[in-house]
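To start, the structure under review is shown below, and the notes come after it.
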Amino acid sequence: MLDEFHQQIQEREAVMASLVESASLFEVTVSEYKQLQQCRHDVVLLKELWDMITMVESSIAAWSTTPWREINVEDMELQCKQFAKDIKVLDKEVRAWEAFTGLDSKVRNLLTSLRAITELQNPAIRDRHWHQLMAATGVHFTMDKEISLADLLQLNLHCFEEDVKGIVDKAVKEMGMEKVLSELNSTWRGRQFQYELHHRTQVPLLCMDEELMEILEDNQVQLQNLISSKYVAHFLDEVSSWQNRLSVVDTVISIWFEVQRTWTHLESIFIGSEDICSQMPEDTKRFEGIDADFKVLAYAAYQTPNVVESTITPGLFSKLEGIQSRLSLCEKALREYLDTKRLAFPRFYFVSSADLLDILSNGTNPQQVQKHLSKLFDNIAEMRFETDEEGNPSKTGLGMYSKEEEYVPFSHCCECTGQVEVWLTRLLDTMRSTVRDEMTEAVLAYEDKPREQWLFDYPAQVALTCTQIWWTSDVNIAFARMEEGYDNALKEYYRKQVSQLNTLISMLIGQLTQGDRQKIMTICTIDVHARDIIAKMIAQKVENSQAFLWLSQLRHRWDDKKKHCFANICDAQFLYSYEYLGNTPRLVITPLTDRCYITLTQSLHLTMSGAPAGPAGTGKTETTKDLGRALGIMVYVFNCSEQMDYKSCGNIYKGLAQTGAWGCFDEFNRISVEVLSVVAVQVKSIQDAIRDKKKRFNFLGEDVNLCPSVGIFITMNPGYAGRTELPENLKALFRPCAMVVPDFELICEIMLVAEGFINARALARKFITLYTLCKELLSKQVDPQTVQELSDGLVQIWEEIPQDTIRHLMPRRCQACVQDHYDWGLRAIKSVLVVAGSLKREDPDREEDQVLMRALRDFNIPKIITDDMPVFMGLIGDLFPALDVARKRDQEFEKHVRESILELKLQAEDNFVLKILGD
């Protein structure tokens, strides 16, 4: 049509041209024919517009036949954008025409539809989503491979762009859920239980699989997230099904492990122990039924190893619940049974239930029980039994060994027959009577031979106690002589003491067994304190035995009529308890120790309890334990924590009240204040019963025996954070005792004496002066990088040294953190003194100051950093002037050290080697 109009206009333009030409000949004015020019302009615009329309429609027509899966949306979109640009450059006049607006709208709609088609090409789209799209657009079609772009354009997707986006978003979320569920299926289809066979019955038991529990927990969280999603509708049934199944799996596994753990624990008791079976027949019969039912379930589960299939078995959970409830009855009966055994032998309160069951299970076999003796007695490690003709041990005990391997024969044989609590009580009585009999004999034989010979005839505990008994007796004799007018009696006894002490010190330098050396060192430790007390009384001109300086000492005495040892301090008197303590060291007694002794003993004398309080390292617990050793009594130490409740505390107090032992509760103020309020009532009930001199009293609703020697002590660090204030009703039951930093010089002096040094006082003063100055003058911290590098190098070198060349390896502690580099405290002092004692014994003829100087120098040089070395050596030189003792060297050991250094491609410098040797 435009071509026809174009032809007509051309004809009219030709006529117009001839008319213009003719008019120009006659010089006649001709019209401009504006209408014809406008027609020409409009036709040109129409031509451009319709050419564009034709091109767009032809392109769309070509695209429309493209199959759905082959649509290249990107190319089409680029072409449509080019069409849009071309449309924009058309003359402005055409924009008002319907054809233009139609074309522009068509291209825009096509671009929108193409974006929607891009979304619909997402692989997450499923058939259900096409149906949702049909419902949204109102157009129904069959979605297959034959569908083309034209079919999709009929949906007028440009009108439903937001709907398409919503459907596609939903499809993507659902595809994520589909993936999760698919992974769940594949995970649990192949997940199987791991089993191990029970060591005795060969029953298959579930193994704790951390990976399985982690997967189960993660999957449950995933399902919980899915169920809370707004897109879960399509998968709701499947998700709910998995959630229920995994919930059952989790519940069944939890109860299965509880039942299995309890069954394993009780099986060895009710099936494996004939002793317990015979004493608990009804519960044994009940457990046999449980045992049969559990084995059926265990074997059935073993036949179905898949986790889900095995656990979702109908009725499994209810069966396990039934077994669990029956097991709880057995456990309750067992607890009651253990309580009866604890009442029969109260020291059972201080062993764990597992150990107690092991003791009861092997009650008729004393050889099996003796591994637990160290938990029931202070220092009985094992026993010696009578053997038959074939060399097999019988059940008749002949003697006891301490942890230090000291052997003490029983004063009379101990028959370990019958129920275990019966023969353990018999053993307890035998132990006490043995110690008492040994003490009776030792006291009488003390004057028959010199003390340095006499002490080898008796156990360490007996020798020490009898030494203290005779010290008290000799001092009282000296006082009696002074009252008779012999003024130098105490001074003469002092000289005798010094002579006896020097004799023991000279013995320490000689060749002794480890046990004898420890025995003499312990006696020396106590003798030095006894010597100092006498010296102090002489200095203060004490003339009779009623002076407080003498009364305030812990004085042991032997009562010939009662054949008992008593300990007196101030106005308090205690019967020695005869607990076998073995060959253990004793604390150095300082004025602080004396004061603590007085406070604690007076608190017991007044039927109260003691409460040493002070910073860490002041000896609160050790002093309490040492006082217990001095009285021959068992001391149990309990580390308190926030987890302790009134029941656990009550059981401990019940055991202490019946055994008559002492309990020392460390960090007592860590227990919560609510529990402490109840504890106050428990402690007061024990104190009231002692005050009323009852033999039995009601404790926690139960009548129990009472041994009046019971003592309850608490220690506290008041300055620490997180500590509770004791309730007032509890404070009133305890006498406080403030503990401070001990006298290091006195401790050092007495320990030097115990190591065999005669001139101990002067050497101790030099020792402590050196350490005090080192603490003040040497650097306080060291760079952590230096520490780490040194630590790594030392560890490498030590690992290279052959083991057979290493005689004594000191523990190495090198921490890579900013900290105090040096330790000048009591532990460091003790370490150097042990080294000094060893050097003294190896070279007994060398001067004592040289021995100590060598120990101080060689022990400390390896830990002194380079910058501090001149200061340290200057201090050594000032305190030990004109002394230059060669370092003790082990050439073979040094050789291996140097070889190891070179193998690590390091330089074997003398200082470096020295640090390694001293590490």
Return the minimal non-hydrogen interatomic distance between [X] and [Y], and the atom names on each side.
X: Gly614; Y: Thr618; value: C-OG1, 4.2 Å
X: Leu726; Y: Leu676; value: CD2-CD1, 3.7 Å
X: Gln682; Y: Leu700; value: NE2-CD2, 3.7 Å
X: Cys748; Y: Leu833; value: SG-CD2, 4.1 Å
X: Cys565; Y: Leu575; value: O-CD1, 3.6 Å

Got [X] and [Y] here, is their nearest side-chain heavy-atom distance under 4.5 Å?
X: Ser677; Y: Tyr646; result: no
X: Thr623; Y: Pro612; result: no
X: Ile523; Y: Arg451; result: yes
X: Thr584; Y: Lys403; result: no
X: Val408; Y: Tyr401; result: no
X: Phe479; Y: Met537; result: yes
X: Asp474; Y: Lys496; result: yes
X: Tyr576; Y: Arg436; result: no

Just checking, any donor-acceptor pair under 3.5 angstrom between side chains of [X] and [Y]?
X: Ser648; Y: Asp645; value: yes
X: His529; Y: Asp594; value: yes
X: Arg557; Y: Gln573; value: yes
X: Tyr580; Y: Glu406; value: yes
X: Ser641; Y: Gln643; value: yes
X: Arg696; Y: Asn705; value: yes
X: Glu483; Y: Asn544; value: no
X: Gln553; Y: Asn568; value: no
X: Asp571; Y: Gln602; value: yes
X: Ser361; Y: Asp358; value: no

Backbone of [Y] reached by a side-chain donor or acceptor of [X] within 3.5 Å:
X: Ser545; Y: Asn476; result: no
X: Gln461; Y: Glu579; result: yes
X: Asp626; Y: Leu587; result: yes
X: Lys563; Y: Thr440; result: no

Is the shortest side-chain N to carboxylate O distance from [X] to [Y] below 4.0 Å?
X: Arg481; Y: Glu484; result: no
X: Arg342; Y: Glu336; result: no
X: Lys654; Y: Asp339; result: no
X: Arg691; Y: Asp688; result: yes

Distance in Å, [X] [atom1] paired with [Y] [atom2], rounded so as to fall on 0.5 Å steps:
X: Arg595; Y: Leu600; atom1: CZ; atom2: CG; answer: 11.0 Å
X: Arg555; Y: Ser473; atom1: CZ; atom2: OG; answer: 12.5 Å
X: Glu415; Y: Thr430; atom1: CD; atom2: OG1; answer: 9.5 Å
X: Met644; Y: Phe638; atom1: CE; atom2: CZ; answer: 8.0 Å

Show me the donor-acceptor pairs, under 3.5 Å and distance only, between side chains in residues 729-744 and residues at least two apart or in other chains.
residue	atom	partner	partner atom	Å
Lys731	NZ	Glu725	OE2	2.6
Asp743	OD1	Glu745	N	3.2
Asp743	OD1	Leu746	N	3.3

Validate the cation-pi geometry between Arg384 and Tyr407: distance from NZ or CZ to the six-membered ring centre under 6.0 Å, angle to the ring axis within 45°.
yes
On the 0 to 90° scale, with breaks at 30° and 60°, tag the Tyr458-Trp454 ring pair as parallel, tilted or perpendicular.
tilted
Side-chain donor-acceptor pairs of residues 659-666 under 3.5 Å, sequence neighbours excluded:
residue	atom	partner	partner atom	Å
Thr659	OG1	Gly655	O	2.9
Thr659	OG1	Leu656	O	3.4
Thr659	OG1	Ala661	N	3.3
Trp662	NE1	Ser709	O	3.1
Asp666	OD1	Thr621	OG1	2.4
Asp666	OD1	Thr715	OG1	2.7
Asp666	OD2	Thr621	OG1	3.1

